[in-house]
Amino acid sequence: MTEKTVLITGASRGLGAAMAEALAPAYHVIAVAKTVGALEELDDRIKAKGGEATLAPMDITNDGAMQHLCKSIYDRWGKIDLWVHAAVHAAPLSPASHINEKDWDKSFAVNTRATSRLIAYVAPLLGTTGRAVFFDDTTIATPFYGSYGASKAAQTALARSWQAETAKTGPRVDIASPKAMPTATRGRFHPGEDRSKLTDPATEAERIVKDLAL
């Protein structure tokens, strides 16, 4: 049987890591993130479940690295069956009238420009039968979310455009709506929140995998 592969960008922690564990061992996981230690810990958890992973400690804003990664995937597997894009930059909260320019630029570099380039690079690997999964965020219009909210909204708009463009031809593009989870990203936005009331990322990943029949 041909080995199924999933590329997960933003796989080191939070929902990305949880999705990697939920999809293993049904898929060989190609895990992309900047944090080497967290990727190695993810690899241990995947192996404990009987799965396998290829670790790619890279920054998705590094265009050359992403090109090299996709070329390497093609050389080894010829394609991928699934792409899960969970990478995101959570800029500090700020009033819209006081947004820091560096925070704004980094938000769009990670959340929007890198996503746009990745769609172009990954689409040929998915072909017409592969699938891609993005995640929207209902908090993007919340006060003080300007940098994150604008860049995340732009990312979701890109995903929805691609979804509409490929509806008849493939690949299939899904946009999931995760429940609030006690992730590091949410912790930056809500430092005093009672995290016990939030949904565990592993539970949410299992729900998304089931709902989308991945």
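Given the structure is predicted, the values throughout are model-derived calculations rather than measurements.
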Exercise. With rounding to the nearest 0.5 Å, note down the distance linking CG in L118 to CG in L7.
Key: 7.5 Å
Quiz prompt | W162: ring pair (Phe, Tyr, Trp, His ring centres under 6.0 Å) partners, not counting sequence neighbours | solution = none
Exercise. Kindly give the heavy-atom pair with the smallest separation between A22 and A205, and that separation in Å.
Key: CB-CB, 4.1 Å
Quiz item: What are the two closest heavy atoms between V29 and A20, and how far apart are they?
Solution: CG2-O, 3.8 Å
Quiz item: About how many Å separate CD1 of I80 and CZ of R131, when rounded to the nearest 0.5 Å?
Solution: 13.0 Å
Exercise. Keeping to residues at least two apart or across chains, list the salt bridge (Lys or Arg N to Asp or Glu O under 4.0 Å) pairs with something in residues 58-68.
Key: D63-R117
Quiz item: Picking from D136, T115, N111, what satisfies side-chain hydrogen bond (donor to acceptor under 3.5 Å, both in side chains) with Q155?
Solution: T115
Exercise. Would you list the pairs meeting ring-ring contact (aromatic ring centres under 6.0 Å, His included) in which at least one residue belongs to residues 24-69, sequence neighbours left out?
Key: H28-W77
Quiz item: Rounded to the nearest 0.5 Å, what separation is found between the CG atom of D174 and the CZ atom of F135?
Solution: 10.0 Å
Quiz item: What residues join L198 in its hydrophobic cluster, counting side-chain heavy atom gaps under 4.5 Å, either direct or through other members?
Solution: none
Quiz item: For E101, does the CD atom sit with more than 12 other heavy atoms under 6.0 Å from it, leaving out its own atoms?
Solution: no
Quiz item: Under a single-linkage definition using a 4.5 Å side-chain heavy-atom cutoff for Ile, Leu, Val, Met, Phe, Trp and Tyr, are V32 and V6 assigned to the same hydrophobic cluster?
Solution: no
Quiz item: Do any pairs count as a salt bridge (Lys or Arg N to Asp or Glu O under 4.0 Å) and have a residue in residues 179-189, sequence neighbours left out, and if so which ones?
Solution: R186-E193
Exercise. Mind listing the closest non-hydrogen atom pair of L39 and A31 along with its distance?
Key: CD2-CB, 3.9 Å
Quiz prompt | R76 and T54: CA distance, side-chain angles, deciding distance, side chain to side chain contact (heavy atoms under 4.5 Å, CB included) verdict | solution = CA-CA 11 Å; R76 179 171 176 181; T54 296; 3.3 Å; yes
Exercise. Name all residues meeting the ring pair (Phe, Tyr, Trp, His ring centres under 6.0 Å) criterion together with H89; count only those two or more places apart in sequence or in a different chain, and write none if there are none.
Key: none
Quiz item: Under the side chain to side chain contact (heavy atoms under 4.5 Å, CB included) criterion, do T5 and L125 qualify, and how do the steps go?
Solution: CA-CA 11 Å; T5 53; L125 294 172; over 6 Å; no
Quiz item: Does any non-hydrogen side-chain atom of I119 lie less than 4.5 Å from one of W83?
Solution: yes
Self-check item: Student check: side-chain heavy atoms of F144 and P95 closer than 4.5 Å
Solution: yes
Self-check item: N/O donor-acceptor pair under 3.5 Å between T128 side chain and G170 backbone
Solution: no
Quiz item: Taking only residues two or more places apart in sequence, or in another chain, which ones meet F189 in a ring pair (Phe, Tyr, Trp, His ring centres under 6.0 Å)?
Solution: Y145, Y148
Acceptor/donor pairs from residues 206-214 side chains to any protein atom, 3.5 angstrom cut, sequence neighbours excluded:
from	atom 1	to	atom 2	distance (Å)
R207	NE	E204	OE1	3.2
R207	NE	E204	OE2	3.1
R207	NH1	D211	OD2	2.8
R207	NH2	S177	O	3.3
R207	NH2	E204	OE2	2.5

Quiz item: Out of curiosity, S107 OG to R113 CZ, how far, rounded to the nearest 0.5 Å?
Solution: 10.0 Å
Quiz item: Could you state the interatomic distance from CG (D105) to CG (N100), rounded to the nearest 0.5 Å?
Solution: 9.0 Å
Quiz item: With sequence neighbours left out, which residue pairs that include part of residues 195-214 fulfil the ring-ring contact (aromatic ring centres under 6.0 Å, His included) condition?
Solution: none
Quiz item: Side chains of V88 and D137: does their closest heavy-atom pair fall under 4.5 Å?
Solution: no
Practice problem: Please lay out, stage by stage, how H85 and V122 fare under the test side chain to side chain contact (heavy atoms under 4.5 Å, CB included). | Solution: CA-CA 11 Å; H85 187 49; V122 174; over 6 Å; no
Practice problem: Find out if a path of hydrophobic residues (ILVMFWY) with successive side-chain heavy-atom gaps under 4.5 Å connects M19 to L42. | Solution: yes
Self-check item: Residues that T203 engages under side chain to side chain contact (heavy atoms under 4.5 Å, CB included), provided they are two or more places apart
Solution: T199, D200
Quiz item: For the residue pair A120 and P124, what are the closest heavy atoms and their distance?
Solution: O-CD, 3.2 Å
Quiz item: What's the shortest heavy-atom distance between P25 and G50, and which atoms?
Solution: CB-O, 3.6 Å
Practice problem: Decide yes or no on side chain to side chain contact (heavy atoms under 4.5 Å, CB included) for L158 and F134, but give the supporting numbers first. | Solution: CA-CA 10 Å; L158 277 169; F134 296 85; over 6 Å; no
Self-check item: Heavy-atom closest contact (R195 atom, T183 atom, distance)
Solution: NH2-O, 3.5 Å
Self-check item: Distance in Å, R172 CZ paired with T169 OG1, rounded so as to fall on 0.5 Å steps
Solution: 14.0 Å
Quiz item: Do side-chain atoms of S151 reach the backbone of T112 as a donor and acceptor pair under 3.5 angstrom?
Solution: no
Quiz item: Which pairs, with at least one residue in residues 42-52 and sequence neighbours excluded, count as a salt bridge (Lys or Arg N to Asp or Glu O under 4.0 Å)?
Solution: E21-R45, D43-K47
Exercise. Report the hydrophobic cluster partners of W104, with the cluster defined as I, L, V, M, F, W, Y residues connected by side-chain heavy atoms closer than 4.5 angstrom, directly or transitively.
Key: I99, F108
